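Heads up, the thing below is written out as structure tokens.
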Amino acid sequence: MIETISPHPPQLPRPPRSRLPKALQMGQWILDPLAYLRRQGRRHGVLFQASISPQVTGLGPLFLLSEPQALQQLFSNDSGKLFSAPGEVNELLAALLGRHNTILLSGNAHRQRRQLLMPSFHGEHLQSYGRTIGQICRELSGQWQNGSVIDVRQAMQSITMRVILHVVFGLDRSERYDQLMALLSQRLALTATPLTSAILFFPWLLSDLGPWSPGARVAALAERTDALLYAEIAARRAEQNPERRDVLSLLLQASDAEGQALSDLDLRDELMTLLVAGHETTATALTTALYWLHRQPAVGERLERELAALPAAADPAALLSLPYLGAVVQEALRLHPVAMLTFPRRVEVPVELAGHSLNRGDLVMGNIYALHHREDLYPDPGEFRPERFLERQYSPYEYMPFGAGVRRCVGVALAQMELKIVLGTLLREHRFRLCNRLPVQPARRGVTLGHGARVRLELLD
Ligand code: HEM
């Protein structure tokens, strides 16, 4: 017998769905995801069926949800009985990250892997990263020349890549890490535009069709990256240093419930996941924040006044409690949420959600972009106005740039700390001028919402 939590009366309708052919929806979602979300939201409301992923199609109808109460219902019950958070529905990412990582694991294996990872991203570990982040930021920005024009996206990516290599491997510089950084940048550059991102959605585009095909280039880069990662894993297995507390060391010491250690393949996939998820996202959020701080000088000036009140020798940790800096970071992640959607959750028993009935097997994704642009929660949602976060408190289901429930972002605390320290350090030490005269619009970058492929700042002094 099927268990029901809230048997839906027969009159409750199924959520609406677009009449557009699936191929057209896919095309819009890949090439202009924000226009797709806005148009569908205007037509169909807070819960609608979407055809946006051939990998998920076939696993169950997919729905996008942006109503806070229903999001709370979904994400506070996603550990298995009412809803679950299966890994196989994230197949889209397997081409980039492999299959043996947190994002593609399900159930107990997923829970155990998260338990292994979480200590590295919390408590004293996190505190120890603050100073390193400040140092990395000062070192890299110290190389910029006065009067030079900075490609903000690239500059932020070099900072966040160095930070994540430190967190994951415990070191800042080595020949192997420099090579790894270069290869990862080349790999991610292949999906830097909406059009080239299509290779993630249509895996057949990744077939090897000759030396110049995207498939052959991805395969060559993957082979070289894997060789470096496996060499590092082998070196660290041989080193056996119990003093080291970085993520790789913790993973090497860990074993599962049966006492089985993680295999090299598990380690490789997990490292790749953390390296990619941990630096692309933060680089985008930093670019967004720097862009808006200079596009709207009043916001930048208010932040400057807050930073100027800190003592000259203040530790980077002092930046973490500055209210306006915190609000700027929150507003950047609200206006342009790097993850437009959460990962899918699966309905395990028939249920009512946002006035509609859902069936067992349906898949639901949190529509973060639409939630963050609700007029009732965020008046003038298209404006960058950090003050809104000082004027009212938002619940975890009204504001969710890092998702929620059992798959809530593993790196949320690291990301928030990094964003504040990098922005605070850069703006305390330098002054910039925005070179872009026309507004810079966010656009797809791989599976995320990128921003600022063209943002340029001139370093004034
Ligand atoms: C601004 C920066 C970031 C944003 C906006 C972001 C956002 C997200 C979102 C929305 C999810 C899905 C949550 C869900 O489905 O409920 C997620 C998952 C994840 N994030 Fe992040 N993230 C960021 C930075 C990081 C960092 C720094 C790391 C770690 C190094 C990281 C590692 C992960 C991992 C491993 C998952 C998968 C969790 C799971 O499947 O259990 N992220 N992130």
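Just so you know, ligand 1 is whichever comes first in the structure, and atom 1 is the first atom listed for that ligand. Remember, predicted model here, so these are calculated numbers, not experimental data.
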Inset, instruction - Look up atom CG in L34 and atom NE2 in H336, then write down how far apart they are to the nearest 0.5 Å. - result: 8.5 Å

Legend entry - atom 40 (O) of ligand 1 - nearest protein heavy atom and its distance: R407 NH1, 2.6 Å

Inset, instruction - May I have the step-by-step check of side chain to side chain donor-acceptor pair (under 3.5 Å) for R114 and T102, ending in yes or no? - result: CA-CA 7 Å; R114 279 183 68 102; T102 312; over 6 Å; no

Inset, instruction - Quick one: closest heavy-atom pair of R113 and H100, and the distance? - result: NH1-O, 3.2 Å

Inset, instruction - Give the atoms of ligand 1, by number and element, whose distance to some non-hydrogen atom of P401 is under 4.0 Å. - result: 5 (C), 7 (C), 10 (C)

Legend entry - Euclidean distance, H110 NE2 relative to R407 CZ, rounded to 0.5 Å: 3.5 Å

Legend entry - Proximity flag R345 to ligand 1, non-hydrogen atoms under 4.0 Å: yes

Legend entry - P337 and ligand 1 - part of the residue with a heavy-atom distance under 4.0 Å: neither

Legend entry - Salt bridge flag under 4.0 Å for residues R346 and E88: yes

Inset, instruction - State the atoms of ligand 1, each with its element, that fall below the 4.0 Å cut-off from a heavy-atom position in T342. - result: 14 (C), 15 (O)

Legend entry - Protein N/O/S count near atom 21 (Fe) of ligand 1 (criterion: distance under 2.8 Å): 1

Legend entry - contact_flag A404 ligand 1 heavy-atom lt 4.0 Å: yes

Inset, instruction - Quick one: look at R114 and ligand 1, take heavy-atom pairs under 4.0 Å, and tell me if it's side chain, backbone, both or neither. - result: side chain

Legend entry - Ring-face cation of R302 near Y324 (centre distance under 6.0 Å, axis angle within 45°): yes

Inset, instruction - Report, in ascending order of atom number, the atoms of ligand 1 lying under 4.0 Å from any heavy atom of T102. - result: 39 (C), 40 (O), 41 (O)

Legend entry - Presence of salt bridge, D315 and R131, under 4.0 angstrom: yes

Inset, instruction - Write out all pairs satisfying ring pair (Phe, Tyr, Trp, His ring centres under 6.0 Å) with one or both partners inside residues 357-392, taking only residues at least two apart or from two chains. - result: W292-F384, Y369-H373, H372-Y399, Y378-Y394, F389-Y394, F389-Y399

Inset, instruction - May I ask whether H110 places a heavy atom under 4.0 Å from ligand 1? - result: yes

Legend entry - Part of E418 with heavy atoms under 4.0 Å of ligand 1, whether side chain, backbone, both or neither: neither

Legend entry - Per-residue contact class, M417 against ligand 1 - non-hydrogen pairs under 4.0 Å: neither

Inset, instruction - If you have a sec, work out which protein heavy atom is nearest atom 37 (C) of ligand 1 and how many Å separate them, to one decimal? - result: I103 CG1, 3.5 Å

Inset, instruction - Using a 4.0 Å heavy-atom cut-off, say whether I164 meets ligand 1 through its side chain, its backbone, both or neither. - result: side chain

Legend entry - Working for side-chain contact (heavy atoms from CB on, under 4.5 Å), residues Y397 and L371: CA-CA 9 Å; Y397 306 99; L371 177 72; over 6 Å; no

Inset, instruction - Show your reasoning for whether side-chain contact (heavy atoms from CB on, under 4.5 Å) applies to L117 and L250. - result: CA-CA 8 Å; L117 292 177; L250 294 183; over 6 Å; no

Legend entry - Salt bridge flag under 4.0 Å for residues E391 and R388: no

Legend entry - Sidechain N-carboxylate O distance under 4.0 Å for R153, E280: yes

Legend entry - Separation of F432 CZ from L457 CG (nearest 0.5 Å): 6.0 Å

Inset, instruction - Could you list the atoms of ligand 1 found under 4.0 angstrom from a heavy atom of F121? - result: 29 (C), 30 (C)

